[in-house]
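All values below come from the heavy atoms of this structure, side chains included, with hydrogens, waters and symmetry mates left out. Starting from 1, each residue takes its place in the sequence as its number. Please read all numbers here as calculations on a predicted model, not as lab measurements. We count ligands from 1, going down the list as the structure has it; atoms in each ligand are counted the same way.
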Amino acid sequence: MGTIVVVGTQWGDEGKGKITDILAEKAGLVVRFQGGNNAGHTIVIEDKTYKLHLIPSGVFNPGTISIIGNGLVIDPEVLINEIKGLEIQGIDTSCIKISDRAHVIMPYHRRLDTLEEEKRQIKIGTTKRGIGPAYFDKISRTGIRIGELINPEEFSLRLKTVLESKNEIFEKIYGVESMNFEEIFEEYSQYALLLKDKVADTSILIDQAVEQGESVLFEGAQGVMLDIDHGTYPFVTSSNPTAGAVCVGAGIGPGRIDKVVGVVKAYTTRVGEGPFSTELFGELADSLREAGGEYGTTTGRPRRIGWMDAVVMRHARRLNALTHLAITKLDVLSGLPTVKICTGYELDGKVIKEWPASLGVLEKCKPIYEEMEGWTQDLSKIDRYEDFPPQAIAYVKRIEELANVPVSIVSVGPGRNQTKFLEEISF
Ligand code: IMP
């Protein structure tokens with residue numbers, strides 16, 4: 001009984017899917033609250049690998065209700081394909097519920113994402129899934145919500161008006177062909193029919209579950225450094241991947257949140273453009289990328305690689321009020337003679353410990369590193385955490401101290417059994 005939020009503490013891809021999947025075993029509901037199919041969560045169960053972009057990672061637990069909350073932007077085609085893909089593999093998808101207030105990613109959003117990115121002098125490196133343009137329409141009050149999509153009259157009316165203005169942009173600003181109303185209406189009406197039965201007021205479902213003493217898990221996508229308010233703006237996504245967004249993105253009050261688990265990779269990665277203070281280049285970056293399989297789940301892009309950054313961790317702790325840390329991919333660091341952690345930045349002869357808002361200031365910051373002894377043993381094959389080499393345990397302890405959050409989980413491989421619980425995280 002209670003609620004747990006799982007969030008990313010870096011630039012996404014920390015392994016939230018795996019941690020969510022494990023915690024979801026005891027959850028009655030698993031809820032996504034922001035983002036869209038820019039996310040890619042990989043889950044390995046027995047010898048099967050599943051990749052999810054929209055559906056909460058709890059879908060693998062029979063009986064658990066998977067909720068796609070109002071804070072998401074949903075590409076219906078992607079969602080339908082994901083549902084079909086799971087059904088082919090024998091996974092029950094009848095427990096998936098979609099908020100009637102979530103916004104729909106339309107084909108003009110995907111097209112605009114590409115056109116806008118091409119036009120930008122300084123690229124963001126978006127996933128081109130239409131995420132930013134869909135959130136733009138939501139805030140501009142020109143979005144189409146799932147509730148409208150499934151109502152043919154409302155959908156037709158809304159689409160007509162919105163498409164008119166989008167077509168003006170396509171023709172007059174980008175000099176490209178306009179989009180056809182009938183084609184979009186036809187295609188999306190088919191999607192609406194397939195999704196209709198899963199649409200609900202999900203805020204009510206969550207509230208009822210909490211009232212009845214059910215355990216609810218909220219699954220974040222991306223990470224704090226990609227947060228539209230608190231990340232490396234403008235090199236960010238268009239939503240808030242921080243724990244506070246659970247309230248608006250799922251439709252619950254702040255008092256409902258009990259615990260917040262921050263997932264942190266044992267080193268740092270980032271896809272797309274933007275600042276990355278502890279970034280590594282050359283052989284070491286390449287070998288860690290290969291060892292960690294650091295290629296985007298959604299776009300396949302190679303991820304940028306760097307050392308652990310305690311400045312980022314402090315930022316994540318404060319913004320999310322983290323109660324637990326889950327360290328992932330510690331096994332990837334095996335075999336390095338030394339490992340480094342950035343403890344702060346040097347700026348004009350002074351040490352700073354907090355992430356600055358200005359990218360100009362950040363450019364002048366030099367990471368200050370603490371070097372620790374590495375280990376050679378393959379951690380992925382060691383059963384008990386107590387049997388880990390002392391250097392690996394010391395590294396975990398140091399992260400805990402610098403982040404000032406207890407480490408409760410250490411993960412050393414994709415499998416469910418490659419997860420060490422240092423303390424239980426109970427609902
Ligand atoms: P968008 O979310 O597609 O608009 O992309 C904005 C930025 O966020 C780009 O740098 C993307 O690479 C990054 N991004 C978005 N989603 C994820 C994710 O799930 N993992 C890692 N990076 C992401």
Side-chain angles (χ1 to χ4, degrees), residues 6-20 32-43 50-57 68 71-75 78 82 103 105-106 108-120 122-139 143 219-242 245 249 262-265 267-276 279 289 292-306 312 316 328-329 359:
V6 173
V7 287
T9 61
Q10 294 157 315
W11 278 275
D13 309 317
E14 298 92 352
K16 293 178 294 293
K18 175 186 167 168
I19 302 300
T20 306
R32 277 270 315 259
F33 57 91
Q34 48 73 229
N37 60 311
N38 47 351
H41 292 166
T42 307
I43 294 141
Y50 302 91
K51 288 184 196 300
L52 297 176
H53 298 284
L54 276 167
I55 298 173
S57 307
I68 301 178
L72 275 89
V73 285
I74 300 173
D75 187 324
V78 173
E82 209 164 291
H103 279 248
I105 297 182
M106 301 296 294
Y108 46 79
H109 291 136
R110 286 193 302 269
R111 196 178 189 201
L112 277 170
D113 206 353
T114 303
L115 290 169
E116 284 169 1
E117 184 73 354
E118 276 166 7
K119 206 170 178 187
R120 270 183 202 115
I122 299 171
K123 313 275 182 218
I124 293 173
T126 77
T127 58
K128 298 191 178 153
R129 299 298 190 261
I131 308 293
Y135 276 118
F136 178 95
D137 274 4
K138 172 178 176 174
I139 303 302
E219 176 182 10
Q222 292 89 42
V224 62
M225 301 313 283
L226 287 172
D227 187 284
I228 185 88
D229 286 274
H230 301 286
T232 48
Y233 192 89
F235 303 98
V236 290
T237 191
S238 302
S239 66
N240 296 103
T242 32
V263 184
V264 54
K265 204 181 278 188
Y267 46 98
T268 312
T269 61
R270 166 162 211 176
V271 245
E273 307 303 320
F276 183 177
E279 184 164 12
R289 183 178 303 111
E294 297 295 355
Y295 293 88
T297 316
T298 303
T299 56
R301 291 179 289 178
R303 294 178 185 145
R304 297 156 67 190
I305 313 279
V312 167
T328 58
K329 291 195 158 183
L359 297 192

Q: May I have the step-by-step check of side-chain hydrogen bond (donor to acceptor under 3.5 Å, both in side chains) for Glu219 and Ser57, ending in yes or no?
A: CA-CA 8 Å; Glu219 176 182 10; Ser57 307; 2.6 Å; yes

Q. In order of chain and number, which residues sit within 4.0 Å of ligand 1 by heavy atom?
A. Trp11, Asp13, Asn38, Ala39, Ile124, Gly125, Thr126, Thr127, Gln222, Leu226, Val236, Thr237, Val271, Gly272, Arg301

**Q.** Distance (rounded to the nearest 0.5 Å) between Asn240 CG and Ile228 CD1
**A.**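 The distance works out to 7.5 Å.
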
Q) Does OH belonging to Tyr295 count more than 12 external heavy atoms closer than 6.0 Å? A)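 Atom OH in Tyr295 is packed in, count exceeds 12.
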
Q: List in chain and number order the residues that pass side-chain contact (heavy atoms from CB on, under 4.5 Å) with Val271, two or more places apart in sequence or in another chain; answer none if no residue qualifies.
A: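 Listed in chain order: Asp13, Arg301, Arg303.
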
Q.
Walk me through whether Asp137 and His103 qualify under side-chain hydrogen bond (donor to acceptor under 3.5 Å, both in side chains).
A. CA-CA 9 Å; Asp137 274 4; His103 279 248; over 6 Å; no

Q. Given Arg304, which of Glu279, Glu273, Glu294 fulfils the salt bridge (charged side-chain N to carboxylate O under 4.0 Å, His left out) condition?
A. Glu279

